[in-house]
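If you read the sequence from its start, that first residue is 1, and numbering goes on from there. All ligand and atom numbering here is 1-based and tracks the order in the structure.
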Amino acid sequence: MEIRFENVHKYFGKVHANKGITFTVKAGTIHGLIGENGAGKSTLMKILAGFISKSSGKIYLDGKEVNFSSPAEATGFGIGMLYQEPCDFPTMTVIENFMVGVSKEWKVDEGKYRKILKEKSEKLGFSIDPDKPVGLLTVGERQQLEIIRLLTLGVKTLILDEPTTGISKKQKETLFNALRQLAKEGKSIILISHKLQDVEVICDRVTVLREGKVAGEMERPFNREKLLEMMFGKKPPEIKDETVVPGETILKFENVYAHGGRAGLKNLNLEIKEKEIIGLAGLEGSGQEVFLRVAAGLIRPYKGKVRKNRKIFRNKLSEKVFLPASRLEEGLFPSLTLLEHYALGFFKNYFIIPWAKAREKGKKLIEKFKIKGSLEDKAASLSGGNQQRLLISLIKKDTKLLLLEQPTRGLDTESSVWMWEHFKEFAKKGSAIVFTSPELDEIFSVATKIVVFFNGRVVLSKPKEETSQEEVAAAIAGNVEGAEVEH
Ligand SMILES: Nc1ncnc2c1ncn2[C@@H]1O[C@H](COP(=O)(O)OP(=O)(O)OP(=O)(O)O)[C@@H](O)[C@H]1O
């Protein structure tokens, strides 16, 4: 299916998110849509998928003009969009979710849908257990289920938003093979991504958006320098690597066991020291998420001790902060404005909120953190990257321990570099940072110490200089001594 955007504009009140976008996605190709945070990529794709309507301009499918007023209508025309966080019913099984998603009959023939699911999975090289609750699937498996659901609904154009974030290397390979196969069958794939490596590997053509406009297009073979220039206007700076000497221990885990996630936490012994930036590696659900929540005080261990350095944690209010991966659900209040976030974040202990002060503080922070949005905007209306900036701008300067879950998820290269420079300031002043990331490259570029989780346990814990990407990758896969020992 060929898709053509012609002079598409979209306004959200005063925000001009798409400014006359024109380009074509050819049938049977994988087309990359790239650009920095807030460039207008998601907006354009949400218009195509019928979630929001354009302000003006035209969209043609195989030469015919279309105008969708709902996602269901777009799906009827063969357009389906896959989200970073797929929406499904976590307690229901895979097959139940699948049937709810695709069947239109009153009386559903389960056998028929099991067969469809099995055939489509096998064809694309996916492996999903139909009887597993969806809540227990990995991000990659959920994604596979969603792709099969959309294909079963007859989708001919598949839009994927950051599909390689949070999935394993093997799942990425499986996904890319499936996408190649679908393109070969004549389906069009549109891929929103910040990862140029992925785009270079999989896309036939790329359109770069910048500040709501098409900044350029390129076919393979891609020239990375030129793509970066189109995205940012200049090459983004690289993260500088510095050696640090850790200070005092601020938090000490002694034989800690906790429930949560798939694997829980088993016999954890770890010290978090001042100035350390600890990168937690591991497949999703291997215990690192539980560890962050135990450190944040959100999950109580059922065995073992977490000792705080009382000398350091004198000021209870700003001792630690936890930034969850699901920003909008756990981190922000979607329907509150930026001003309300700043008022709550910095002035909640006042008897009456000093709104003028909150406004002044908010204005400064929006400028400092380069948030594309105003004090009156609701958090939900910000782009993913700008929601992250808002969360970061709410961290108080004297925070001693920063617990960050996938802090650069969905951020473009420039924003990631900028963000790490900002976090490193905290570490330089003596705070400790513990973060998770599905990207080994990121862990190796910023962490001072690397801790690998496998099946709820720490299987490797070393200063960065003493380990290698190969060793960490092997540990992630469980190829280390003691990885399978149960206590
Ligand atoms: N519902 C909305 N209400 C108001 N403004 C919005 C809304 N959705 C998006 N915007 C604004 O439109 C602009 C483009 O956002 P969009 O989400 O399309 O960017 P993006 O390129 O997908 O960014 P990211 O990579 O950060 O996800 C941003 O300035 C954003 O704040």
- Message: Can you name the atoms of ligand 1, numbered from 1 with element, that are less than 4.0 Å from a heavy atom of Glu36?
- Response: 21 (O)
- Message: So for ligand 1, is Gly385 a polar contact partner (N or O within less than 3.5 Å, distance only)?
- Response: yes
- Query: Would Lys46 count as a contact of ligand 1 if the rule is a heavy atom under 4.0 Å away?
  - Reply: no
- Query: Tell me the ring-ring contact (aromatic ring centres under 6.0 Å, His included) pairs involving residues 385-408, sequence neighbours left out?
  - Reply: none
- Does Gly35 have a non-hydrogen atom less than 4.0 Å from ligand 1? no
- Task: Look at the rings of His16 and Tyr11 and say which category their plane angle falls in: under 30° parallel, 30 to 60° tilted, over 60° perpendicular.
- Result: parallel
- Message: For Phe68 and Phe77, take the angle between the two ring planes, folded into 0 to 90°, and tell me which bin it lands in: parallel under 30, tilted 30 to 60, perpendicular over 60.
- Response: tilted
- Query: Quick one: does Ala17 get an N or O within less than 3.5 Å of an N or O on ligand 1?
  - Reply: no
- Item | Distance-only side-chain donor-acceptor flag, Ser383 / Asn386, under 3.5 Å | yes
- Apply the test side chain to side chain donor-acceptor pair (under 3.5 Å) to residues Gln388 and Asn37: give CA-CA distance (whole Å), side-chain angles for both, the deciding distance (0.1 Å), then the verdict. CA-CA 10 Å; Gln388 184 70 339; Asn37 292 132; over 6 Å; no
- Of all the atoms in ligand 1, which lie at a distance below 4.0 Å from a heavy atom belonging to Asn37? 23 (O), 24 (P), 25 (O), 26 (O)
- Could you tell me which atoms of ligand 1, counted from 1 in the order shown, lie closer than 4.0 angstrom to a heavy atom of Ala39? 19 (O), 20 (P), 21 (O)
- Message: Under 3.5 Å between any N/O of Val15 and any N/O of ligand 1: does that happen in this structure?
- Response: no
- Tell me which one of Phe51, Tyr11, Phe12 gets a heavy atom nearest to atom 8 (N) of ligand 1. Phe12
- Short N or O distance, Gly40 and ligand 1, threshold 3.5 Å exclusive: yes
- Item | Matching residue for Phe435 among Phe426, Phe423, Trp420 - test: ring pair (Phe, Tyr, Trp, His ring centres under 6.0 Å) | Trp420
- Query: Under 4.0 Å from ligand 1, counting heavy atoms only, is it the side chain of His194, its backbone, both or neither?
  - Reply: side chain
- Query: Can you name the nearest heavy-atom pair linking Asn67 to Glu73, along with the distance?
  - Reply: O-OE2, 3.6 Å
- Task: Using distance alone, determine whether Ser381 and ligand 1 share an N or O pair under 3.5 Å.
- Result: yes
- Task: Would you please indicate if the ring centroids of Phe347 and Trp355 are separated by under 6.0 Å?
- Result: no
